[in-house]
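Everything on this sheet refers to the single structure shown next.
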Amino acid sequence: MTAHDTSFEPAKIPDGIVEANGNKYMPDAKGRLTALEVIKPQHKLQDELVRQEFGFAFALAEQLSRFKGHAYENLGGFDALLAQQYGLTKGGAKGNRTYTSFDGLMKIEVRVQDKIDFGPEMQIAKALFDECLNEWSAETRAEMRSIVTNAFDTDKEGQINRTNIFLLLRTESEDTRWTQAQEAIRDAIHVIGSRSYLRFSYRDAQDAAWQALTIDLAKA
């Protein structure tokens, strides 16, 4: 197994061994105890490897969580200083904002995204869209049906795809039922909260393209 940087302390992960009646066992994926001596060497080695890597992964996740907390805290402190400088006594920075180094080579972006939910008006909107599609010409119907289907299609979490819904809202038609359906969608949208994201970008020169500083394992 590859050695890790010893300066990075992994989290402590249990070895998975259970002792009973003086014997050692390991539970399998169904919770059944298996005597340690009958487990194949490669399976033991694989178990050890997974636990080792999880030790580093848990430690890294904790470190990233602390980093995120410190970053928001420090940026919030800077926002408070600006508010004080300009005499703002209530509230503070809540929307999208960007912080840039003096030389313009590094920037931190805070992006705030609303969390939205859709009310029962969506069913009315879908019915109105379907009425239009059932009466329009075959050529128009095929083009618009694709837009409507994509808009009301659900994502992998079973939620309506908001990107497609907003695309549908920008689709124009002279049919009053179409515009009524779009209005029903707008009435169905409810903002139930928001979440913010940090983006770190850098470039090698002032005229160079920005590069994202990747801290997402899926994109590393």
Write down the atom of Ala184, the atom of Ala125, and the distance for their closest heavy-atom approach.
CB-CB, 3.9 Å

Between atom CG of Leu75 and atom CZ of Arg97, what is the distance when rounded to the nearest 0.5 Å?
7.0 Å

If only atom types and distance count, is the side chain of Tyr99 paired as donor or acceptor with the main-chain N or O of Phe78 below 3.5 Å?
no

Considering residues, nucleotides and ligands other than Phe54, do more than 12 of their heavy atoms fall under 6.0 Å from its CZ?
no

In terms of hydrophobic clusters joined by side-chain contacts under 4.5 Å, are Val148 and Met122 together?
yes

Can Phe152 be reached from Trp178 by stepping across I, L, V, M, F, W or Y side chains whose heavy atoms are under 4.5 Å apart?
yes

Is it possible for you to say whether Tyr72 and Leu82 belong to one hydrophobic cluster, with membership spreading through side-chain heavy-atom contacts below 4.5 Å?
yes

Between Leu49 and Gln46, is the side-chain contact (heavy atoms from CB on, under 4.5 Å) condition met? List the steps.
CA-CA 5 Å; Leu49 171 64; Gln46 183 178 173; 5.6 Å; no

Spatial distance of atom CD1 (Ile189) from atom CZ (Phe118) [nearest 0.5 Å]
5.5 Å

Please answer: with hydrophobic residues joined when any side-chain heavy atoms are less than 4.5 Å apart, are Leu45 and Ile39 in the same cluster?
no

For residues 167-176, which side-chain N or O atoms pair as donor and acceptor with protein atoms under 3.5 Å away, sequence neighbours left out?
unit_1	atom_1	unit_2	atom_2	d
Thr171	OG1	Leu167	O	3.2
Ser173	OG	Asp175	N	3.2
Asp175	OD1	Arg177	N	2.9
Asp175	OD1	Arg177	NE	3.2
Asp175	OD2	Trp136	NE1	3.2
Asp175	OD2	Arg177	NH2	2.9

Flag, side chain of Asp114 to backbone of Ile116, donor-acceptor distance under 3.5 Å:
no

Where Ala11 and Ala59 come nearest, the two heavy atoms and their spacing:
N-CB, 3.7 Å

Spell out, yes or no, whether Ile17 and Tyr25 are grouped together once hydrophobic residues are joined by side-chain heavy atoms under 4.5 Å, including indirect joins.
no

Applying salt bridge (Lys or Arg N to Asp or Glu O under 4.0 Å), which residue pairs with at least one partner in residues 182-206 are found, sequence neighbours left out?
Glu183-Arg186

Flag if over 12 foreign heavy atoms under 6.0 Å of CD, Glu131
yes

What is the minimum heavy-atom distance between Glu121 and Ala188, and which atoms define it?
OE1-CA, 3.4 Å

For Gln113, I'd like to know if atom CD has over 12 heavy atoms of other residues, nucleotides or ligands within 6.0 Å.
yes

Taking Val110's backbone N and O only, do any of them form a donor-acceptor pair with Ser196's side chain (distance below 3.5 Å, no angle check)?
no

Quick check against the 3.5 Å criterion: does Asp47 have a side-chain atom that pairs as donor or acceptor with the backbone of His43?
no

Minimal heavy-atom distance between Asp15 and Met26, with the atoms involved, is O-CE, 3.9 Å

Enter the distance from Gln206:CD to Asp103:CG here, rounded to the nearest 0.5 Å.
6.0 Å

Would you say the side chain of Ile185 lies within less than 4.5 Å of the side chain of Phe129, judging by non-hydrogen atoms?
yes

Does a side-chain heavy-atom distance below 4.5 Å link Arg145 with Asn134?
yes

Does any part of the side chain of Ser201, heavy atoms only, come nearer than 4.5 Å to the side chain of Glu109, both counted from C-beta?
yes

So, for Trp210 and Tyr202, is the gap between ring centers shorter than 6.0 Å?
no

Does any N or O in the side chain of Asn164 come within less than 3.5 Å of the main-chain N or O of Asn150, such that one atom is a donor and the other an acceptor?
yes

Using the side-chain contact (heavy atoms from CB on, under 4.5 Å) rule, take Phe56 and Gln52 through it: C-alpha gap first, then chi angles, then the decisive distance, then the call.
CA-CA 7 Å; Phe56 285 99; Gln52 173 187 283; 4.1 Å; yes

Rounded to the nearest 0.5 Å, what separation is found between the OG1 atom of Thr34 and the NZ atom of Lys24?
16.0 Å

Evaluate the ring planes of Phe67 and Phe200, with Trp represented by its six-membered ring, and classify them as parallel (under 30°), tilted (30 to 60°) or perpendicular (over 60°).
tilted

Contact summary for Pro27 and Val18, nearest pair of heavy atoms
CD-CG2, 4.1 Å

Test: Lys44 and Glu48 ion pair at under 4.0 Å
no

Between OG1 of Thr179 and CG of Leu128, what distance do you get to the nearest 0.5 Å?
9.0 Å

